[in-house]
Amino acid sequence: MEPKRFELPPGRAEEGFKDKKPLYTPAEAMAEANRCLYCSDAPCIKACPTAINIPEFIRKIGTGNIKGSARTILSANILGQSCAQACPVEVLCAGSCVYTGWGREPINIGRLQRFAVETTLPKTPNLFQAKPATGKRIALVGSGPASIAAAGMLALEGHTCLIYERKAIPGGLNSLGIAPYKLKGPEALREMEWVFSLGRIELRTGVEVVEHAKGPGQVSASELLASHDAVFLGLGLGADSRLGIPGEEGEGVHGATHLIERIKTEPGLTLAGVKHALVVGGGNTALDIAHELALLGVEVEMVYRRSEKEMGGYTHELDGARLDGVRLVENRQPVELVRKDGKLVAVKLASTRDGKPVPGTEETVQAELVVMAIGQERATGVAKAFPGVEVDSRGRVKVDAATHRTGHAKVWSGGDCVNGGKEVVNAVAEAKIAVRDIQRHLAGE
């Protein structure tokens with residue numbers, strides 16, 4: 001059966017973004033591959049959460065074996081294409097390259113990885129052959145990177161995977177949340193379709209998993225446990241958090257991940273009339289949306305309640321955002337959003353001490369748009385619908401680190417709902433751990 005094809009409507013704002021790291025030509029890839037020293041005890045492998053044999057795949061590019069290179073990558077990381085574009089290689093594999101320690105330009109590992117996979121899959125999609133059907137059924141809740149990776153690996157083992165996704169567009173972070181100058185939605189969806197082509201994977205969109213199903217569009221946790229041999233929770237994160245300050249409710253205020261999703265999926269979205277925007281937060285999501293807004297022609301100030309050195313976002317991301325016009329305002333926090341006839345016109349900022357606003361230090365700055373990037377809620381309700389599954393004080397699903405099994409013998413979990421919000425490659429790494437243990441469970445070990 002032909003896999004379902006997912007399409008996003010034309011006229012989306014993300015279509016106007018240029019690729020910051022475009023696909024190599026064959027000549028560029030060959031030249032870059034030949035710079036690699038093929039280290040025997042390669043630090044880049046140790047820095048990769050999925051332990052891709054980086055020197056091996058680069059050597060294969062250098063010898064013209066592009067298909068073999070892609071196979072090496074995807075055997076270790078089934079989402080090797082999106083990770084090649086979205087991974088912060090500057091702090092992972094490339095950041096650990098021996099050239100970096102010598103003060104020289106590191107190997108462009110991400111771009112080489114993208115070249116190998118993106119060149120191969122359209123021509124040779126059948127790189128892997130699934131094992132014969134086992135008759136085992138696995139339910140996966142959520143269709144983000146952790147679930148997609150787990151489903152692909154389980155399908156190759158011959159198991160039937162059923163993915164339950166409450167949204168109409170699948171893919172989670174990959175298709176809806178990654179900055180479009182890194183990875184556009186259609187690219188993520190094409191990769192997901194390739195994963196689906198590996199074996200017995202069925203996607204059920206518009207289905208919400210709850211404790212007690214009350215009608216169409218809902219399925220209960222108990223039903224999933226009864227009708228499947230194992231369950232994987234790839235819940236991701238929930239809605240954007242808010243500050244709870246006066247004037248926050250109303251037009252002109254958005255959560256960061258919600259606005260990124262609109263930029264990537266909503267046709268006709270325009271920021272006409274928005275000259276000044278404030279992005280509140282200091283993490284990578286804040287940097288992503290600030291950078292996106294700047295590239296859309298908006299004057300952007302990124303307001304962080306502590307100093308630059310205390311920011312959670314990556315230095316290279318801040319440097320890139322600054323090059324495109326983003327300005328960082330340190331040690332400030334909004335205390336009120338000012339409205340005129342209901343319309344957002346300005347923001348009152350207070351100086352902070354130890355991350356908290358100091359009374360009497362307020363100043364007013366113009367803004368027609370405020371984006372909250374101060375974290376996200378957790379999908380604890382879904383997790384707790386499964387008996388024995390627990391969450392910690394920060395709302396993260398508790399798992400055994402060695403197996404990623406929860407407190408329920410048939411339930412595993414991975415990705416942002418477990419780690420609190422990391423990279424796509426971390427979600428794949430956690431899915432690999434869970435799949436190994438699911439395999440042992442299905443084998444009766």
Side-chain angles (χ1 to χ4, degrees), residues 1 3 49-51 71 74-80 126-165 170 172 192 194-204 207 209 219-236 382-390 397-419 425-445:
M1 182 177 67
T50 55
R71 188 188 296 276
L74 297 169
S75 295
N77 181 346
I78 201 165
L79 299 186
N126 300 318
L127 276 180
F128 304 101
Q129 183 65 45
K131 295 179 182 177
T134 63
K136 302 293 185 180
R137 290 162 48 94
I138 295 91
L140 300 101
V141 184
S143 66
S147 287
I148 297 299
M153 290 182 278
L154 289 164
L156 285 174
E157 295 296 331
H159 311 311
T160 297
C161 299
L162 296 94
I163 302 174
Y164 297 84
E165 169 58 54
M192 186 177 65
W194 173 74
V195 173
F196 285 7
S197 75
L198 296 175
R200 304 158 185 85
I201 304 175
E202 179 183 337
L203 174 66
R204 298 180 180 179
V207 179
V209 177
V219 62
S220 69
S222 59
E223 182 181 343
L224 291 186
L225 289 168
S227 58
H228 297 78
D229 298 284
V231 175
F232 179 84
L233 303 179
L235 307 175
V382 180
K384 289 182 176 180
F386 292 85
V389 177
E390 300 179 351
V397 177
K398 288 185 178 181
V399 298
D400 180 283
T403 63
H404 270 258
R405 191 183 297 209
T406 68
H408 191 291
K410 287 177 62 176
V411 181
W412 288 257
S413 187
D416 284 353
C417 66
V418 170
N419 60 46
V425 69
N426 297 103
V428 178
E430 292 177 9
K432 288 176 68 174
I433 295 171
V435 166
R436 282 196 294 267
D437 197 60
I438 292 172
Q439 278 286 91
R440 289 192 286 266
H441 167 76
L442 295 178
E445 297 178 12

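Fair warning: this is a prediction, and the values are worked out from it, not measured in the lab.
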Has Ser147 got a side-chain atom pairing as donor or acceptor with Leu140's backbone, closer than 3.5 angstrom?
no
Quick one: OH on Tyr164 to CG on Leu233, what's the gap to the nearest 0.5 Å?
13.0 Å
Full working for side-chain contact (heavy atoms from CB on, under 4.5 Å) between Val382 and Val141:
CA-CA 9 Å; Val382 180; Val141 184; 4.1 Å; yes
Test side-chain contact (heavy atoms from CB on, under 4.5 Å) applied to Ile78 and Leu198, step by step:
CA-CA 11 Å; Ile78 201 165; Leu198 296 175; 3.5 Å; yes
As an exercise, state the distance from OG of Ser75 to CG of Asn77, rounded to the nearest 0.5 Å.
10.5 Å
With a 4.5 Å cut-off on side-chain heavy atoms, are Val389 and Ser413 touching?
no
Donor-acceptor pair, Glu165 side chain versus Ser143 backbone, under 3.5 Å?
yes
Name the residue from Arg200, Arg137, Gln439 that meets the side chain to side chain contact (heavy atoms under 4.5 Å, CB included) definition with His159.
Gln439
So, taking the atom named OG1 in Thr403 and the one named CZ in Arg440, what distance separates them when rounded to the nearest 0.5 Å?
7.5 Å
State the NE2-CD1 distance between His228 and Ile138, to the nearest 0.5 angstrom.
8.5 Å
Residue pairs, two or more places apart or on separate chains, that pass ring-ring contact (aromatic ring centres under 6.0 Å, His included) and touch residues 425-445:
Trp412-His441
Can Leu162 and Arg204 be said to form a side-chain contact (heavy atoms from CB on, under 4.5 Å), step by step?
CA-CA 7 Å; Leu162 296 94; Arg204 298 180 180 179; 3.1 Å; yes
Would you please name every residue forming a side-chain contact (heavy atoms from CB on, under 4.5 Å) with Ala221, sequence neighbours left out?
Ala385, Phe386
Flag, side chain of Lys136 to backbone of Asp229, donor-acceptor distance under 3.5 Å
no
To the nearest 0.5 Å, how far apart are CE in Met153 and CD1 in Ile438?
9.0 Å
Can you find a heavy atom in the side chain of Leu225 that is under 4.5 Å from one in the side chain of His408?
yes
